[in-house]
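One structure is given below, encoded as structure tokens.
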Amino acid sequence: MMLPVVTRRGRLLFLQRYVLQRRNVASENTERNAALQRALSIFRSICGVDGVSLAGAVRDQHGADESLHRCCPPDVVVFPRCVEEVSALAKVCHQHCLPIIPFGTGTGLEGGVSALMSGVCFSLRNMDQILDLHQEDFDVTVEPGVTRKTLNSYLRDTGLWFPVDPGADASLCGMAATSASGTNAVRYGTMRENVINLEVVLADGTVIHTAGKGRRPRKTSAGYNLTNLFVGSEGTLGIITKSTLRLYGIPEAMVSALCSFPSVQAAVDSTVQILQAGVPIGRIEFLDDVMMDACNRFSSLSYPVSPTLFLEFHGSERSLEEQVSTAEDITQSNGGSDFQWAKDTETRNHLWKARHDAWYAALALRPGCKAYSTDVCVPLSWLPQIIVETKQDLIQSRLTGPIVGHVGDGNFHCLLVLDPNNPEELHRVQLFTERLTRRALAMDGTCTGEHGVGLGKRALLCEELGPMTVQVMQRLKNTLDPKNLMNPGKVLQPGKP
């Protein structure tokens with residue numbers, strides 16, 4: 001094949017286009033820097049000198065989460081103290097066309113806080129008030145600096161708790177933004193089922209209440225469901241500044257148990273059958289043999305290294321007897337071991353701490369390496385097949401990837417431990433995650449059960465929903481954020497603000 005001949009005129013045209021492009025980029029950067037400088041003094045007048053930071057360490061801290069996505073620091077970090085300050089700051093950003101990136105605790109796993117186009121990070125940690133607790137109505141309103149552990153500590157003497165538990169001590173408003181869930185979702189649902197109302201600051205500084213200001217009904221059929229439009233929006237539609245949440249009575253009794261199985265199939269079959277039997281189980285978590293080995297080492301346990309279920313039963317003393325009896329019959333019919341019990345609070349907490357420390361236990365398998373967690377979710381009937389196939393894929397791909405999952409919801413994670421400086425291993429991880437996700441989509445599932453789309457799964461979102469549905473999402477984004485300032489480049493394919 002003959003290569004095209006590049007003429008002198010062609011080279012000159014190329015150089016002219018290149019120089020023009022560089023000039024345009026330089027001009028854009030100059031304009032952005034000028035806009036930022038004009039905005040900085042206004043930022044300081046809104047939230048004080050201490051409420052605005054240009055420090056490199058602070059910017060780096062707010063430019064990355066716990067994912068493998070590279071750090072993209074913002075130009076500046078602001079620390080508003082109330083919704084009025086958030087609104088005023090957003091109006092300045094809107095006027096000067098500065099991107100806005102909301103930041104809670106930085107515990108996300110899909111690069112959702114990276115400032116891809118620079119801009120202003122709104123760190124919401126100073127908005128940390130628990131507001132309007134209504135014990136008799138089982139609801140509470142919180143600001144975005146309140147984490148789930150802080151809320152449950154505050155509720156300890158009321159007989160109430162908030163059960164959505166993603167593992168990390170995440171911001172509750174951040175959990176709403178990513179539609180988080182966790183170990184208790186099988187009984188109590190995800191954030192999507194437990195958010196009653198949201199206060200949201202839009203890109204232009206407008207403040208709205210998705211269910212009406214001060215409204216707290218347990219259900220409503222009034223108008224569009226704007227609350228669930230913002231739940232899972234990952235900061236791309238607005239900044240959540242208050243969340244009104246459902247609360248639950250703390251169960252009279254809780255007992256936990258661990259059961260080992262001869263195979264992945266047997267453990268997952270037991271999960272499906274327990275749910276089919278109508279057992280109102282509080283938690284049912286799956287850990288494969290690699291994960292159990294890691295947890296034993298990291299948390300000083302001595303459980304069998306085999307596919308395992310962690311179970312927890314909630315209810316009255318009498319109802320627990322029936323739940324446990326049914327679950328034991330099912331697990332033993334699938335070759336499961338006798339239950340190893342954790343009945344007292346201290347032992348139960350130690351067992352679930354080991355489960356929540358799975359991320360760190362996986363990292364300890366290869367000291368000096370990094371972890372990448374990916375999750376998918378499928379209908380329960382497909383769960384045994386997808387976990388068995390994924391386990392085989394991990395072995396054939398020569399990857400260290402313990403499997404752990406909220407299998408009662410059909411949701412599981414692969415905690416891939418890898419050397420980020422090894423391009424060949426990174427390539428194998430990328431190919432594996434693509435196969436895993438497409439396997440879930442082929443089984444009528446989703447590319448993410450609870451981590452969100454962020455940066456890593458934007459193309460897969462289009463495959464899952466279809467181009468027409470994604471276009472509707474883009475139109476909603478354009479309507480609420482016509483300048484594309486809210487967390488640009490996340491969820492939907494990137495575009496310039």
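The figures that follow rest on heavy atoms only: side chains count, while hydrogens, waters and symmetry mates do not. We number each residue from 1, following the sequence as shown.
Side-chain contact annotation: S319 with S316, donor-acceptor N/O pair under 3.5 Å present. With no hydrogens or angles considered, a side-chain donor-acceptor pair links R283 and N184 at under 3.5 Å. A donor-acceptor pair shorter than 3.5 Å can be found between the side chains of T190 and E193. No donor-acceptor contact under 3.5 angstrom links the side chains of D269 and Q273, judged on distance only. Using modelled atom types and a 3.5 Å distance limit, the side chains of T236 and N487 yield no donor-acceptor pair. A side-chain N or O of D165 and one of T183 form a donor-acceptor pair less than 3.5 Å apart.
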For T244 and D139, what are the C-alpha separation, side-chain angles and deciding distance, and is it a side chain to side chain donor-acceptor pair (under 3.5 Å)?
-> CA-CA 7 Å; T244 301; D139 66 64; over 6 Å; no
Stepwise side chain to side chain contact (heavy atoms under 4.5 Å, CB included) check, N411 with D375 = CA-CA 7 Å; N411 179 209; D375 81 311; 3.3 Å; yes
Run the numbers on D393 and R439 for salt bridge (charged side-chain N to carboxylate O under 4.0 Å, His left out), then give the verdict.
-> CA-CA 11 Å; D393 194 350; R439 192 178 296 129; 2.7 Å; yes
Hey, mind stepping through V52 and L40 against side chain to side chain contact (heavy atoms under 4.5 Å, CB included) and telling me if it holds?
-> CA-CA 8 Å; V52 180; L40 281 174; 4.1 Å; yes
Check step by step if salt bridge (charged side-chain N to carboxylate O under 4.0 Å, His left out) holds for E463 and R438.
-> CA-CA 9 Å; E463 288 186 33; R438 291 196 169 92; 2.5 Å; yes
Please lay out, stage by stage, how T345 and N349 fare under the test side chain to side chain contact (heavy atoms under 4.5 Å, CB included).
-> CA-CA 6 Å; T345 301; N349 288 345; 3.4 Å; yes
Decide yes or no on side chain to side chain contact (heavy atoms under 4.5 Å, CB included) for S270 and L309, but give the supporting numbers first.
-> CA-CA 9 Å; S270 294; L309 291 180; 4.2 Å; yes
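With hydrogens and angles disregarded, a donor-acceptor distance shorter than 3.5 Å links the side chain of R148 to the backbone of A168. Using a distance-only test at 3.5 Å, with no hydrogens or angles considered, no donor-acceptor pair links the side chain of S243 to the main chain of L245. Without hydrogens or angle criteria, D65 side chain to G112 main chain gives a donor-acceptor distance under 3.5 Å. Side-chain atoms of T469 come within 3.5 Å of backbone N or O of L465 as a donor-acceptor pair. The backbone N or O of P80 sits nowhere less than 3.5 Å from a side-chain atom of N126 that would complete a donor-acceptor pair. Within the 3.5 Å criterion, the main-chain N or O of A177 finds no donor-acceptor partner in the side chain of E234. Looking at D481, its side chain does come within 3.5 Å of a backbone N or O of L485 through a donor-acceptor pair. T479 places a side-chain N or O within 3.5 Å of a backbone atom of R475 that can act as its donor or acceptor partner. Here the side chain of T433 pairs a donor or acceptor atom with the backbone of V429 at under 3.5 angstrom. Looking at N197, its side chain does come within 3.5 Å of a backbone N or O of G212 through a donor-acceptor pair.
Environment of CZ in R218: crowded, with over 12 heavy atoms of neighbouring residues, nucleotides or ligands closer than 6.0 Å.
A salt bridge links D137 with R216: at least one charged nitrogen is closer than 4.0 Å to a carboxylate oxygen. Ion pairing between a basic and an acidic side chain is recognised when a charged N comes within 4.0 Å of a carboxylate O; E285 and R355 show such pairing. Contact check on K490 versus E110 returns no salt bridge, with no Lys/Arg side-chain nitrogen under 4.0 Å from an Asp/Glu carboxylate oxygen.
In this structure, L198 and T241 have side chains that are not in contact, with every pair of non-hydrogen atoms separated by 4.5 Å or more. Within the 4.5 Å cutoff, the side chain of C295 has no heavy atoms near those of the D357 side chain. Taking 4.5 Å as the limit, some side-chain heavy atom of L311 sits within range of a side-chain heavy atom of I274. Using a 4.5 Å heavy-atom cutoff, the side chains of W352 and F310 are in contact. Looking only at side-chain heavy atoms (C-beta outward), H451 and T374 stay at 4.5 Å or farther from each other. Side-chain atoms of F286 and T308, non-hydrogen and from C-beta on, never get closer than 4.5 Å to each other. A 4.5 Å side-chain heavy-atom check between R187 and I281 finds every atom pair outside the cut-off. Looking at heavy atoms from C-beta onward, L237 lies in side-chain contact with L229 at the 4.5 angstrom threshold.
Note: Y360 and F298 have parallel aromatic rings, judged against thresholds of 30 and 60 degrees for the angle between ring planes. Ring pair F79/H62 is perpendicular by interplanar angle, where above 60° counts as perpendicular and below 30° as parallel.
Note: S171 OG to R125 CZ = 13.0 Å, rounded to the nearest 0.5 Å. With rounding to the nearest 0.5 angstrom, the OG1 atom of T147 is 9.5 Å from the CE atom of M175. To the nearest 0.5 Å, the span separating OH on Y372 from CZ on F432 amounts to 10.0 Å. The CD atom of E450 sits 3.5 Å away from the OG atom of S181 when rounded to the nearest 0.5 Å. Interatomic distance, R435 CZ to E389 CD, rounded to the nearest 0.5 Å: 12.0 Å. Interatomic distance, NE2 of H314 versus OH of Y248, reported as 13.0 Å (0.5 Å rounding).
Here the closest non-hydrogen pair linking D409 and L380 is C-CD2, 4.5 Å. Of all the heavy atoms in R458 and L455, the pair that sits closest is NE-O, 3.1 Å. Contact between S256 and R348 at its shortest, heavy atoms only, is OG-CG, 2.8 Å. Closest approach of P166 to A180, counting heavy atoms only: CB-CB, 4.4 Å. Counting all heavy atoms, side chain and backbone alike, L68 lies closest to A371 at CG-O, 3.8 Å. Closest approach of V290 and P402 over heavy atoms only: CG1-CG, 3.8 Å.
Proximity of the aromatic rings of F103 and F122 is defined here by a centroid distance below 6.0 angstrom, and this criterion is not met. With ring centers used as reference points, W161 lies under 6.0 Å from Y188.
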